[in-house]
Amino acid sequence: MAKFPELVFSGVQPTGNLHLGNYLGALKRFVEMQATHSCLYCVVDLHAMTMPHDPETLRRTTREVTAAFVACGVDPKKNVVFNQSRVGEHAELAWIFDCVARLGWLNRMTQFKEKAGKDREAASIGLYNYPVLMAADILLYRATHVPVGEDQRQHLELTRDIAQKFNNDFAASIAERGWGDAFFPLPEGLIQGPAMRVMSLRDGTKKMSKSDPSEYSLIALTDDADTIAQKIRKAKTDAEPLPSEVEGLTSRPEAENLVGIYAALADEAKADVLRRFGGGQFSQFKNALAELTVAKLTPIRAEILRLNADPGFVDSILADGARKAQAIAKPNMDAVKDIVGLIR
Ligand code: TYM
């Protein structure tokens, strides 16, 4: 297959407060990628409409997530930071992919099943179609690498399936127009590190999630120091001391989660964390974890609050990002139209 220049794309939904799972699974890694790659980071407002939403809240949270990107260290000058709906080609390409993706593929998507709940008939078509729009987000830029948390793995596999089928279905037209044997890359998910799946602080078998009704289940990026310390102190644990080796975390989901969070925040391996804290009591480890979390999140919180008070600045980032994104999206979309036979 043709070689594609490396390009990073990732997205975050503007649905409520971002939490430690979003930070460790995504935002922290966005910042790491910008040192070595060209990156597009998108606030996916169209995805946030797939569940019932309030218009004013959507506008506010779109700005807040943008502020959080910047507060975490994403540089809007170096990267393309924008909101999805600003670049109409996302929705346009999603339609074309609707005609490529198969019903059977979407029927297998577990996130739809979870989000739709028992009354699947009452779910929006948008929620069902969500992964196709996500494939369009990534492939519109012909992105090759996608840093995300573990929960997005299945959606990335679908993205690759769509890219592959498009390349096959239109192989002759793609070659005829000089694109070689593939127009779209098969993007690779970068699902790595000790915190690719941060779990709830109340239940180590459940993902830390914005939609969890218990506020003690998650640490929000806007929590103050006292709240963070209290949530970590109250986090569920088991009665055993910490093990000294990683194997000892098996079947101990709460212990594994807290050690993973520490490791990710400290940029260490779990084994190093256990070498230091293994054999000790949880209370001692929790104090160290609270201290580390407060140290890492306090400056981010301060910057989020500062940027939230400056919506004009945040809007200028989004406007500038949309222009840069469009400059890549438009020629790619034109090429797709030519490939599939649409007159433009
Ligand atoms: P979203 O908004 O649910 O989450 C944003 C990012 O945070 C990661 N994440 C987690 N990582 C570790 N532990 C957790 N508990 C945790 N919770 C969330 C997610 O994996 C994600 O990386 N479908 C995407 C948004 C999207 C997208 C895209 C992503 C739309 N288009 C194109 C990449 C590329 C989503 O709902 O993320």
Side-chain angles (χ1 to χ4, degrees), residues 7-30 33 39-51 58 61-62 64-66 68-69 72 74 80 82-85 87 90-91 93-94 97 109-112 114-115 126-127 129-160 162-163 187-212 217-221 253 256-257 260-261 264-265 325:
L7 183 68
V8 170
F9 184 97
S10 197
V12 176
Q13 289 195 69
T15 40
N17 246 341
L18 295 186
H19 54 67
L20 192 59
N22 298 126
Y23 177 62
L24 295 176
L27 297 178
K28 181 169 185 288
R29 302 184 41 241
F30 294 180
M33 298 299 299
C39 311
L40 294 111
Y41 295 128
C42 184
V43 184
V44 291
D45 47 7
L46 295 175
H47 278 111
M49 296 178 62
T50 56
M51 299 290 271
L58 179 58
T61 49
T62 299
E64 285 174 0
V65 169
T66 310
F69 279 9
C72 288
V74 169
V80 182
F82 69 110
N83 59 313
Q84 183 188 31
S85 62
V87 181
H90 286 251
L93 185 59
F97 285 168
M109 295 292 117
T110 54
Q111 191 162 304
F112 171 75
E114 283 161 24
K115 286 201 175 170
L127 186 65
N129 209 21
Y130 179 116
V132 178
L133 179 60
M134 179 163 160
D137 296 339
I138 298 165
L139 293 171
L140 179 58
Y141 302 94
R142 305 167 90 206
T144 55
H145 293 84
V146 187
V148 280
E150 167 69 35
D151 60 346
Q152 299 302 314
R153 188 183 292 280
Q154 197 187 31
H155 289 158
L156 279 178
E157 278 162 16
L158 183 92
T159 301
R160 294 166 64 89
I162 290 175
E188 210 182 294
L190 300 174
I191 304 172
Q192 295 155 346
M196 59 192 191
R197 187 171 175 81
V198 176
M199 308 308 273
S200 156
L201 299 181
R202 306 303 302 157
D203 177 351
T205 63
K206 264 175 49 187
K207 185 179 79 164
M208 184 178 283
S209 158
K210 291 170 201 163
S211 55
D212 197 314
S217 71
L218 62 80
I219 291 174
L221 297 187
E256 173 152 39
N257 188 38
I261 291 173
L265 282 173

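Numbering of ligands and ligand atoms starts at 1, following listing order.
Listed for the N257 side chain is no donor-acceptor partner under 3.5 Å among the backbone atoms of G204.
The salt bridge (Lys or Arg N to Asp or Glu O under 4.0 Å) contacts involving residues 189-205 comprise nothing, where partners must be two or more places apart or lie in separate chains.
With sequence neighbours excluded, the residues forming a side chain to side chain contact (heavy atoms under 4.5 Å, CB included) with A26 are F30, listed by chain and number. For the salt bridge (charged side-chain N to carboxylate O under 4.0 Å, His left out) test, residues two or more places apart in sequence or in another chain that qualify with K207 are D151.
Residue-level contacts of ligand 1 at the 4.0 Å heavy-atom threshold are F9, S10, G11, V12, Q13, H19, G21, N22, G25, A26, V44, H47, Y130, M134, D137, I138, V146, V148, G149, D151, Q152, A195, M196, R197, V198, K207, M208, K210.
Between Q111 and Q154 the shortest side-chain heavy-atom distance does not fall below 4.5 Å.
When all heavy atoms are compared, the tightest approach of D212 to S200 is OD2-OG, 4.2 Å.
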